Amino acid sequence: MKDNLLRAIEHQTANLVVLGLGYVGLPVACMFAKAGFSVLGLERRQDKVDKINRGECPIDGKEPGLAELMAQVVGEGKFTATSDYQVCQSAQIVLLAVETPIDPSTKKPDYQALTAALTDLGPHLARGTMVIIESTIAPGTMAMLVQPLLEKQSGLRVNEDFYLVHCPERVMPGKLLANIHNCHRVVGGMSPEAAEIASHFYRHIVEANLDPVDCLTAELVKTMENAYRDVQIAFANEMALLCEDMGADVWQIRELVNKSPYRQMHLPGAGVGGHCIPKDPWLLIANASYGFESRMIRTARAINDNMPLHMADLAIETLSEVGIKIGQARVLVLGYSYLENADDTRNSFSAVMVEHLQTQGADVVIHDPWIPQYQGDLLERAAGCDVAVLMVKHQAYYHLDLGLLRNVMRTPILIDGRHVFDPAQVQAAGLIYRGLGQGTKPVGVELGPLARTAEILQEQTG
Ligand SMILES: NC(=O)c1ccc[n+]([C@@H]2O[C@H](COP(=O)([O-])OP(=O)(O)OC[C@H]3O[C@@H](n4cnc5c(N)ncnc54)[C@H](O)[C@@H]3O)[C@@H](O)[C@H]2O)c1
């Protein structure tokens with residue numbers, strides 16, 4: 001079984017099925033097709049299947065090289081999409097990259113897509129096949145869900161009849177192809193043999209290190225690296241709130257902090273969204289035993305989830321300083337995707353802020369250059385608005401003509417949640433500026449207990 005598969009991998013004659021053609025599955029499929037494999041993409045959405053087979057890329061964000069590569073491999077007949085699971089019968093490698101969200105209320109994994117894909121794949125699984133899960137999953141899922149479900153549905157035994165691997169993906173939208181090529185990967189096998197064979201397979205498209213490990217280790221590495229990022233961002237966000245409270249500038253302070261050796265403070269921001277960072281910390285702790293209590297992960301999630309509400313508060317406060325109630329205001333939201341120059345709106349933090357403002361009676365107008373329903377002329381959207389809130393640092397916003405913005409707005413207020421603008425330039429253009437992490441209080445005023453100490457000192461010294 002091993003020699004046949006290794007030979008087919010070495011000579012790129014192994015038939016590959018990539019199941020789930022989203023941000024992860026599509027670029028991976030294209031790269032293996034470019035490396036010489038015959039690739040079939042299995043996707044439940046017929047609109048995506050049709051689009052891909054016409055050579056049109058279904059991802060609209062700024063994704064260097066992807067549309068061209070996809071058109072090329074589709075045109076050469078090396079990559080075809082289908083919605084028919086029968087194609088798995090002749091596959092020697094099946095790679096799954098379906099979505100793995102969490103339930104918004106319980107924060108537990110929602111494995112509907114994964115379970116459906118495994119259930120449908122099982123009956124078509126041939127002996128000697130290698131099944132790879134690239135989706136991000138809670139530690140323990142390979143052993144507790146994937147293996148038993150596949151064995152039940154296929155009647156085959158793992159390690160005896162088929163190989164099972166977890167090779168989590170590390171891509172970030174905007175750099176999908178480059179990340180697949182350049183990022184180190186952990187290759188978790190249900191047996192050392194499975195990890196070894198999968199490493200040979202990935203070597204065709206990955207230039208960086210491939211670290212063979214067991215499945216649990218791979219699951220922990222992936223979810224822990226994203227939880228680490230969430231915690232780091234939460235720290236930066238809390239420091240931004242502290243600086244606002246104390247009348248300081250978190251952006252300057254962060255730069256100076258990072259001049260100290262071994263400090264790498266992350267960037268604060270208007271929110272944390274997307275399909276990975278807001279849910280992977282929950283996946284990390286999903287299967288921990290009842291004796292384990294996570295405090296840091298939960299706190300970091302709470303801090304980051306609060307950021308869009310804080311952005312709303314900044315807008316409401318600034319409006320009230322000029323005598324406008326939020327219920328009478330028109331708010332322009334700049335950016336609705338979760339990441340700059342991307343079209344992905346999953347877990348959009350702007351959506352959270354919009355809903356919060358609307359429940360308070362605000363009239364909200366949204367602009368995003370990457371999302372069809374919010375595209376259009378920014379200045380037309382800004383006309384008659386009382387405050388513009390920048391949530392996402394899309395490239396297009398860097399070139400915003402502040403003078404023209406000022407002229408079209410009813411009340412010229414700009415709130416910057418990403419430190420895109422120079423406050424002095426905004427003010428010079430005639431706009432009122434508020435920035436996340438930038439305090440407006442004069443230093444030394446209302447500084448909690450210290451202010452009282454200063455008063456006592458003054459009383460004592462006359
Ligand atoms: N998006 C990222 O940047 C990123 C990065 C690293 C890891 N991941 C992980 O990779 C996985 C996939 O993420 P994504 O962003 O590509 O998701 P996605 O939603 O963009 O893509 C998933 C695709 O799978 C298809 N699908 C779902 N169930 C199916 C089924 N039963 N049969 C056939 N097709 C099915 C969906 O229609 C969709 O096109 C997730 O576990 C995610 O956490 C994502």
Side-chain angles (χ1 to χ4, degrees), residues 17-30 40-52 57-61 63 66 81-88 91 94-102 109-124 131-139 141-142 145-146 149-150 153 166-180 183-186 218-219 221-227 229-230 272-284 286 337-348:
V17 167
V18 176
L19 203 166
L21 298 176
Y23 290 90
V24 167
L26 182 68
V28 169
C30 292
L40 281 164
L42 182 50
E43 168 58 53
R44 71 174 164 192
R45 274 182 49 189
Q46 194 57 43
D47 59 323
K48 269 195 187 180
V49 170
D50 295 340
K51 211 167 178 185
I52 291 168
C57 184
I59 296 175
D60 287 330
E63 210 50 77
L66 181 60
T82 176
S83 54
D84 183 358
Y85 270 78
Q86 302 246 1
V87 294
C88 297
V94 179
L95 187 159
L96 276 88
V98 299
E99 67 271 26
T100 49
I102 51 159
D110 170 355
Y111 285 150
Q112 284 181 60
L114 182 65
T115 309
L118 293 168
T119 305
D120 291 342
L121 165 65
H124 301 290
V131 178
I132 303 172
I133 309 293
E134 280 215 5
S135 303
T136 306
I137 47 180
T141 303
M142 289 297 285
L145 174 80
V146 179
L149 186 53
L150 264 186
Q153 293 300 116
H166 177 43
C167 186
E169 189 52 82
R170 282 178 163 156
V171 294
M172 196 168 165
K175 302 175 187 156
L176 293 175
L177 294 180
N179 284 164
I180 290 172
C183 285
H184 305 308
R185 294 283 284 272
V186 282
E219 291 167 327
V221 169
K222 173 64 201 180
T223 46
M224 215 179 279
E225 69 199 28
N226 278 357
R229 193 155 169 77
D230 199 47
V272 175
H275 185 48
C276 293
I277 307 290
K279 56 103 178 166
D280 290 354
W282 294 115
L283 292 182
L284 172 63
S337 63
Y338 88 90
L339 186 68
E340 57 268 24
N341 310 317
D343 67 339
D344 193 346
T345 59
R346 284 178 290 182
N347 294 314
S348 161

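Whatever order the structure lists them in is the order used to number ligands and atoms, beginning at 1. Computed from a predicted structure; not experimentally measured. Because only heavy atoms are used, hydrogens play no part in the values below, and waters and symmetry mates are left out as well, while side chains stay in. Residue numbers count from 1 along this sequence.
Among the atoms of V24, some N or O lies under 3.5 angstrom from an N or O of ligand 1. Inclusion of D280 in the set of residues having an N or O under 3.5 Å from an N or O of ligand 1 is not warranted.
The shortest contact between atom 9 (C) of ligand 1 and any protein heavy atom is with T136 OG1, 3.5 Å. The protein non-hydrogen atom at the shortest distance from atom 13 (O) of ligand 1 is H275 CD2, 3.6 Å. Atom 24 (O) of ligand 1 has G20 CA, 3.2 Å as its closest protein atom, hydrogens excluded (heavy atom only). Of the protein's non-hydrogen atoms, the one nearest atom 43 (O) of ligand 1 is K279 NZ, 2.7 Å. Among all non-hydrogen protein atoms, the one lying nearest atom 18 (P) of ligand 1 is R346 NH1, 3.5 Å. Given atom 37 (O) of ligand 1, the protein heavy atom at minimum distance is E43 OE2, 2.5 Å. In this structure, the protein non-hydrogen atom closest to atom 21 (O) of ligand 1 is G22 CA, 3.2 Å. From the protein, the heavy atom lying nearest to atom 34 (N) of ligand 1 is R44 N, 3.2 Å.
Remark: ligand 1 atoms within the under-4.0 Å shell around heavy atoms of T100 are 40 (C), 41 (O), 43 (O). Per-residue contacts place K222 under 4.0 angstrom from the following atoms of ligand 1 (heavy atoms of the residue considered): 6 (C). Listed by number with element, the atoms of ligand 1 under 4.0 angstrom from any heavy atom of Y85 are 30 (C), 31 (N), 32 (N), 33 (C). Which parts of ligand 1 touch V171 is read off a 4.0 Å heavy-atom cut-off, strictly below it: atoms 3 (O), 5 (C), 6 (C). For ligand 1, the atoms closer than 4.0 angstrom to any heavy atom of P173 are 3 (O).
When all heavy atoms of R185 and P168 are compared, the closest pair comes out as NE-O, 3.0 Å. Counting all heavy atoms, side chain and backbone alike, L176 lies closest to I59 at CD1-CD1, 4.2 Å.
The option from Y338, Y23, Y111 that lies nearest to atom 1 (N) of ligand 1, judged by heavy atoms, is Y23. The residue from C276, A342, P109, P101 that puts a heavy atom closest to atom 2 (C) of ligand 1 is C276. Comparing E99, R45, E134, Q46 against atom 22 (C) of ligand 1, the shortest heavy-atom distance belongs to E99.
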Pair L95-C167, side chain to side chain contact (heavy atoms under 4.5 Å, CB included): steps then yes or no: CA-CA 9 Å; L95 187 159; C167 186; over 6 Å; no
Start with the C-alpha gap between T100 and K279, add the side-chain angles, then the distance that decides, and say whether side chain to side chain donor-acceptor pair (under 3.5 Å) holds. CA-CA 9 Å; T100 49; K279 56 103 178 166; 3.1 Å; yes
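Here the CG atom belonging to D120 is positioned 8.5 Å from the CG atom belonging to L19, to the nearest 0.5 angstrom.
The proximity of I137 to ligand 1, defined as any non-hydrogen pair under 4.0 Å, does not occur for either the backbone or the side chain. Of all the heavy atoms of A117, the ones lying under 4.0 Å from any atom of ligand 1 are found in both the backbone and the side chain.
For the pair R170 and E225, the salt-bridge criterion is met [side-chain N within less than 4.0 Å of a carboxylate O].
For the pair Q153/P123, a side-chain contact is recorded, criterion being any heavy-atom separation below 4.5 Å from C-beta on.
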